[in-house]
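Comments concern the structure below.
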Amino acid sequence: MSRSKLKTVMLALSASLIAVSLILYPQESVDASRRGLEMWWEIVFPSLLPFFIIAEVLIGFGVVKFIGVLLEPLMRPLFRVPGVGGFVLAMGMASGYPAGAKFTVRLRQEKQISRLEAERLVSFSNCSNPLFIFGAVSVGFFHNTKLGIILALAHYLGNLTVGFIMRFYGRKEEKKNTKIATPPARKFSFKEAFNVLHETRLQEQRPLGKLVGDAVISSIHTLLMIGGFIILFSVINKLLFHIGITDFFAHGLGFLLSIFQISPDFSKALFSGIFELTQGNQMTAQVDHVPLLQQVMIASAILAFCGFSVQSQVASIIAQSDIRFKPFFIARIIHSFIAAFYAYLFWHLLYDRVSFEQPSNAIPVFQSEAFTIYDYMITLGPLITLFSLILYIFIYYRRHFLSH
C-alpha cells in the first residue's frame, strides 16, 4: 500500500474512532467541550483580542516597519530575520499562542519577509503568555509562586535559543537560489526608520474607521477559529483517556522517562500534554510522591511543545500563506528538551538560593498579582467576549448587507 493510501486509511479510521467515541461517551464529551469553551470564553478571547487588533492597526500605520528598521541590526545577526521580527517576537511573548504565527503570516502576505525568514520567525515567536505561566500554572496548578520565575525563564530563554538554532535553517536553499539570498543588516538609523513610517502611512489608503473595522473582523475571525480548536482537542483528549489509548501510550512514555531518570508516573500527564498543554500541566501538578524538580521539568517541556491543539491553530493560520509547518514542529521538539534543561538549570540556580518569602501577615507579591489578573479575566472576560462578538456581528452586517 502506498504512503498516500495508508494516510487516507489512517485519517478515516481516526475520524471514525472519534465519532464512535462521541456516541459512546456523550456526557464526558459535553463536559470536555464545556471546559474548552469556558477557557476560550473567559481567558483566551479577552486576553488575545486587544493584542490582535492593536497589532493590525500598528501594521497598517507603518509602526511595525518603523520598529523593523530600528531592530534590524539586532535581529538579522542573531536570528537571520528582518527587524520586523522583533515586533512579532515581542507581541508573541506578551499575548501568547498563536499570536506569533498570525503576525508572521501578516508580514509574509505583505512581502516584508521571505518564506525562509517567515519559517524561522514562526518557529520561535509563538510563546505562552506570562498570565498563563504565572497565574494558571505556577499559582493555579502548583500553588507555588517561586515556580513562575523558573518556568518563565526556561520558556522564554529556551525560545530565544531555538531562534538562534533556527538561524542555520535554510542555508542550503538560500545558496542554491540567489533570489532569496539574505541581505546585509542595516545600520541603526532613526531617520530612515521615520521615513519608512511616513511612507507606509501615506501608502495606506483606508480611512481610520475602515482600518480599525478590518482589524476587528480579522482578529475575531482568527479567535473563533482558535476557539474551535481548543474545544475540539479538549474533547479528543478526554475521549482518548476513556477509550484506553492514553493508558496504552503511557506505558511507552513511562519507559522513555525512566531512561532520563524521571518518574514514569508522569507518563499520562505527558501524553495529555502532547495533545493539550493546559490539562497536561494540571495533571503534572497532581502527580504525587515525586520530586518537585521533575514536575517543573515536565511542565516546562509541555509548555514548550504547546500541544497539538496549539500546533493545529498555528498550522491553520500559516496555511493562508506558503509557510511550511514542518520547521515549526521540529522547533517545538527542540524547544521541549531545551526548556526542560533550562528548568533543571534555573532550579539549582534560583529555587533554593533566591527567596520570595514575605512576612507572615502579608500576601506574596507574585501570588497577589497573578490571582488579581486571573480573577479579573474570569470575571470580566465573558463580558468582553460577548461585547466583541456583538460588535463583530454589527460590523459584518454593515459590510456585507447594507453595502449592497
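Just so it is clear, the model here is predicted, and its values are computed rather than measured. Along the sequence shown, residues carry numbers from 1.
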Within-4.5 Å side-chain heavy-atom neighbours: [X] and [Y]:
| X | Y | value |
| --- | --- | --- |
| Leu58 | Phe87 | yes |
| Arg106 | Gln112 | no |
| Asp322 | Arg108 | yes |
| Leu293 | His348 | yes |
| Ile384 | Ser388 | yes |
| Phe394 | Arg398 | yes |
| Phe61 | Val57 | yes |
| Met93 | Leu160 | yes |

Is a side-chain donor or acceptor of [X] paired with a backbone partner of [Y] at a separation under 3.5 angstrom?
| X | Y | answer |
| --- | --- | --- |
| Trp40 | Leu224 | no |
| Gln295 | Thr284 | yes |
| Ser316 | Gln313 | no |
| Ser267 | Pro264 | yes |
| Asn126 | Ala101 | yes |
| Ser321 | Ile318 | yes |
| Glu72 | Gly83 | yes |
| Arg332 | Ser123 | yes |

- Query: Please, which pairs that meet salt bridge (Lys or Arg N to Asp or Glu O under 4.0 Å) have at least one residue in residues 207-218, sequence neighbours excluded?
  - Reply: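 Of all non-adjacent pairs touching residues 207-218, those that pass salt bridge (Lys or Arg N to Asp or Glu O under 4.0 Å) are Arg206-Asp214, Lys210-Asp214, Asp214-Arg399.
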
For atom [atom1] of [X], decide whether the heavy atoms of other residues, nucleotides or ligands shown that lie under 6.0 angstrom number more than 12.
| X | atom1 | result |
| --- | --- | --- |
| Phe241 | CZ | no |
| His242 | NE2 | yes |
| Phe168 | CZ | yes |

- Task: Report the relative orientation of the aromatic rings in Phe141 and Phe132; use parallel for angles under 30°, tilted for 30 to 60°, perpendicular for over 60°.
- Result: perpendicular

- Query: Is the Phe328 to Phe325 ring centre distance short of 6.0 Å?
  - Reply: yes

- In chain order, what residues pass the side chain to side chain donor-acceptor pair (under 3.5 Å) check against Tyr169, with sequence neighbours excluded? Glu119, Arg324

- Message: Under the rule for side chain to side chain donor-acceptor pair (under 3.5 Å), what residues qualify as partners of Ser234, not counting sequence neighbours?
- Response: Arg35

- Query: Which heavy-atom pair separates Ser218 from Lys102 by the least distance, and what is that distance?
  - Reply: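 Nearest pair, atom of Ser218 first, then Lys102: OG-NZ, 3.2 Å.
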
- Message: If I compare all heavy atoms of Gly158 with all of Ile338, which pair ends up nearest, and what's the gap?
- Response: CA-CG2, 3.9 Å

- Message: Out of the candidates Phe79, Phe164, Tyr156, only one should pair with Phe124 under the ring pair (Phe, Tyr, Trp, His ring centres under 6.0 Å) rule; please name it.
- Response: Phe79

- Item | Glu117 and Arg167: CA distance, side-chain angles, deciding distance, salt bridge (charged side-chain N to carboxylate O under 4.0 Å, His left out) verdict | CA-CA 9 Å; Glu117 290 170 343; Arg167 75 183 303 276; over 6 Å; no

- Message: Among Val296, Ile150, Ile149, Leu151, exactly one meets side chain to side chain contact (heavy atoms under 4.5 Å, CB included) together with Phe346. Which residue is that?
- Response: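 Single pass found, and it is Ile150.
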
- Task: Using distance alone, with no hydrogens and no angle criterion, decide if Thr161 and Tyr342 have a side-chain donor and acceptor under 3.5 Å apart.
- Result: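 Yes - a donor-acceptor pair under 3.5 Å links their side chains.
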
- Message: Just by distance, no angles: are the side chains of Asn195 and Glu199 close enough, under 3.5 Å, to form a donor-acceptor pair?
- Response: no

Roughly how far, to the nearest 0.5 Å, is the [atom2] atom of [Y] from the [atom1] atom of [X]?
| X | Y | atom1 | atom2 | value |
| --- | --- | --- | --- | --- |
| His155 | Asn129 | NE2 | CG | 9.0 Å |
| Leu153 | Leu349 | CG | CG | 10.0 Å |
| Leu48 | Ile220 | CG | CD1 | 12.5 Å |
| Ser272 | Leu277 | OG | CG | 11.5 Å |
| Ile334 | Asn159 | CD1 | CG | 11.5 Å |

Please tabulate, one pair per line, all N/O donor-acceptor pairs under 3.5 Å involving side-chain atoms of residues 299-311, not counting sequence neighbours.
from   : atom 1 : to     : atom 2 : distance (Å)
Ser300 : OG     : Ala339 : O      : 3.0
Gln311 : NE2    : Phe305 : O      : 2.9

- Message: One pair to check against side chain to side chain contact (heavy atoms under 4.5 Å, CB included): Tyr25 and Ile243. What are the steps and the verdict?
- Response: CA-CA 9 Å; Tyr25 301 97; Ile243 63 180; 3.6 Å; yes

- Message: Please determine whether salt bridge (charged side-chain N to carboxylate O under 4.0 Å, His left out) holds for the pair Arg34 and Glu38, giving the CA-CA distance in whole Å, both sets of side-chain angles, and the decisive distance to 0.1 Å.
- Response: CA-CA 6 Å; Arg34 185 185 297 115; Glu38 288 176 353; 5.2 Å; no

- Kindly indicate, with the supporting measurements, whether the criterion salt bridge (charged side-chain N to carboxylate O under 4.0 Å, His left out) is fulfilled by Glu173 and Arg115. CA-CA 11 Å; Glu173 189 173 343; Arg115 187 185 71 176; 2.8 Å; yes

- Query: Does Lys238 pair with Glu276 as a salt bridge, N-O distance under 4.0 Å?
  - Reply: no

Would you list the atom pairs, donor with acceptor, under 3.5 Å between side chains in residues 133-140 and any protein atom, with sequence neighbours excluded?
from   : atom 1 : to     : atom 2 : distance (Å)
Ser138 : OG     : Asn144 : O      : 2.6
Ser138 : OG     : Gly148 : N      : 3.0

Pair up each side-chain donor or acceptor in residues 14-24 with any protein partner under 3.5 Å, not counting sequence neighbours, and list the distances.
from  : atom 1 : to    : atom 2 : distance (Å)
Ser14 : OG     : Met10 : O      : 2.8
Ser16 : OG     : Ala12 : O      : 2.8
Ser21 : OG     : Leu17 : O      : 2.7

- Item | Verdict with supporting geometry, Phe255 and His251, ring pair (Phe, Tyr, Trp, His ring centres under 6.0 Å) | CA-CA 6 Å; Phe255 174 75; His251 292 296; over 10 Å; no

